[in-house]
Amino acid sequence: QVRLVESGGGSVQAGGSLNLSCAASESAYSRYCMAWFRQRPGEDREGVAAIYVAGHDTHYHDSVKGRFTISQDHAKKMLYLQMDSLNPEDTAMYYCASDCSLQLIAHQGLGQPADFGDWGQGTQVTVSS
């Protein structure tokens, strides 16, 4: 059963914007903890943005602060990542994640991949200079 499905990736020029979406199944969606990760070729997966407690708290990787915004639509069970002022270093496969560990929910932050039990298949973002 597919639980998380990302969409919205694509190819843009530097300075452009993309809005990623993640459609979650009933059991995969969480008001308490969901996140976006990205992975560049040959590199480890890294946390980009996380959202907690129905959107009351958000965390961002330093490299995307002020440019990316994570949000949720509880009625639609959707997670979003608005990405503005994109640069070539943002080029990566982007993944939606949920099913957070209790430790992560308690301490919040971006977390590590091991803190999440559900993952989407990813959507590719390519930014050209």
Is it true that [X] and [Y] fall in one hydrophobic cluster, defined by side-chain heavy atoms closer than 4.5 Å?
{"X": "Tyr60", "Y": "Leu18", "answer": "yes"}
{"X": "Val127", "Y": "Phe37", "answer": "no"}
{"X": "Val48", "Y": "Leu20", "answer": "yes"}
{"X": "Val64", "Y": "Ile51", "answer": "yes"}
{"X": "Trp36", "Y": "Phe116", "answer": "no"}

Give me the atom names and distance for the closest heavy-atom approach of [X] to [Y].
{"X": "Ser30", "Y": "Tyr32", "value": "OG-N, 3.0 Å"}
{"X": "Pro113", "Y": "Arg45", "value": "CG-O, 3.8 Å"}
{"X": "Pro88", "Y": "Ser129", "value": "CG-CB, 3.9 Å"}
{"X": "Leu110", "Y": "Gly47", "value": "CD1-O, 3.6 Å"}
{"X": "Cys100", "Y": "Leu104", "value": "CB-CD2, 4.2 Å"}
{"X": "Ala28", "Y": "Met34", "value": "O-CE, 4.5 Å"}

Could you tell me whether Glu46 and Arg40 make a salt bridge, using a distance below 4.0 angstrom between a side-chain N and a carboxylate O?
yes
Could you give the side-chain donor-acceptor pairs of residues 2-11 under 3.5 Å, partners two or more places apart or in another chain?
| from | atom 1 | to | atom 2 | distance (Å) |
| --- | --- | --- | --- | --- |
| Arg3 | NE | Asp118 | OD1 | 2.9 |
| Arg3 | NE | Asp118 | OD2 | 2.9 |
| Arg3 | NH1 | Ser27 | OG | 2.8 |
| Arg3 | NH2 | Asp118 | OD2 | 2.7 |
| Glu6 | OE1 | Gln121 | N | 3.0 |
| Glu6 | OE1 | Gly122 | N | 2.9 |
| Glu6 | OE2 | Cys96 | N | 2.8 |
| Glu6 | OE2 | Gly122 | N | 3.3 |

For side-chain contact (heavy atoms from CB on, under 4.5 Å), just list the numbers for Trp119 and Asp99, CA-CA rounded to whole Å, side-chain angles, deciding distance to a tenth of an Å, and then say yes or no.
CA-CA 9 Å; Trp119 294 88; Asp99 188 21; over 6 Å; no
Gap separating the [atom1] atom of [X] from the [atom2] atom of [Y], nearest 0.5 angstrom:
{"X": "Gln124", "Y": "Gln39", "atom1": "CD", "atom2": "CD", "value": "10.5 Å"}
{"X": "Glu89", "Y": "Thr91", "atom1": "CD", "atom2": "OG1", "value": "8.0 Å"}
{"X": "Thr126", "Y": "Gln13", "atom1": "OG1", "atom2": "CD", "value": "13.0 Å"}
{"X": "Gln72", "Y": "Leu79", "atom1": "CD", "atom2": "CG", "value": "6.0 Å"}
{"X": "Thr69", "Y": "Arg67", "atom1": "OG1", "atom2": "CZ", "value": "11.0 Å"}
{"X": "Leu81", "Y": "Cys22", "atom1": "CG", "atom2": "SG", "value": "10.5 Å"}

I'd like to know if the side chain of Tyr29 reaches the main chain of Ala23, judged simply by a donor and an acceptor atom lying under 3.5 Å from each other, with no hydrogens or angles considered.
no
side-chain contact (heavy atoms from CB on, under 4.5 Å) between Val12 and Met83, worked out
CA-CA 11 Å; Val12 296; Met83 305 188 297; over 6 Å; no
Count the heavy atoms of every other residue, nucleotide or ligand shown that sit under 6.0 Å from CD of Glu43, and state whether that count exceeds 12.
yes
Name the orientation class of the two ring planes belonging to Tyr94 and Phe68 (parallel below 30°, tilted from 30 to 60°, perpendicular beyond 60°).
tilted
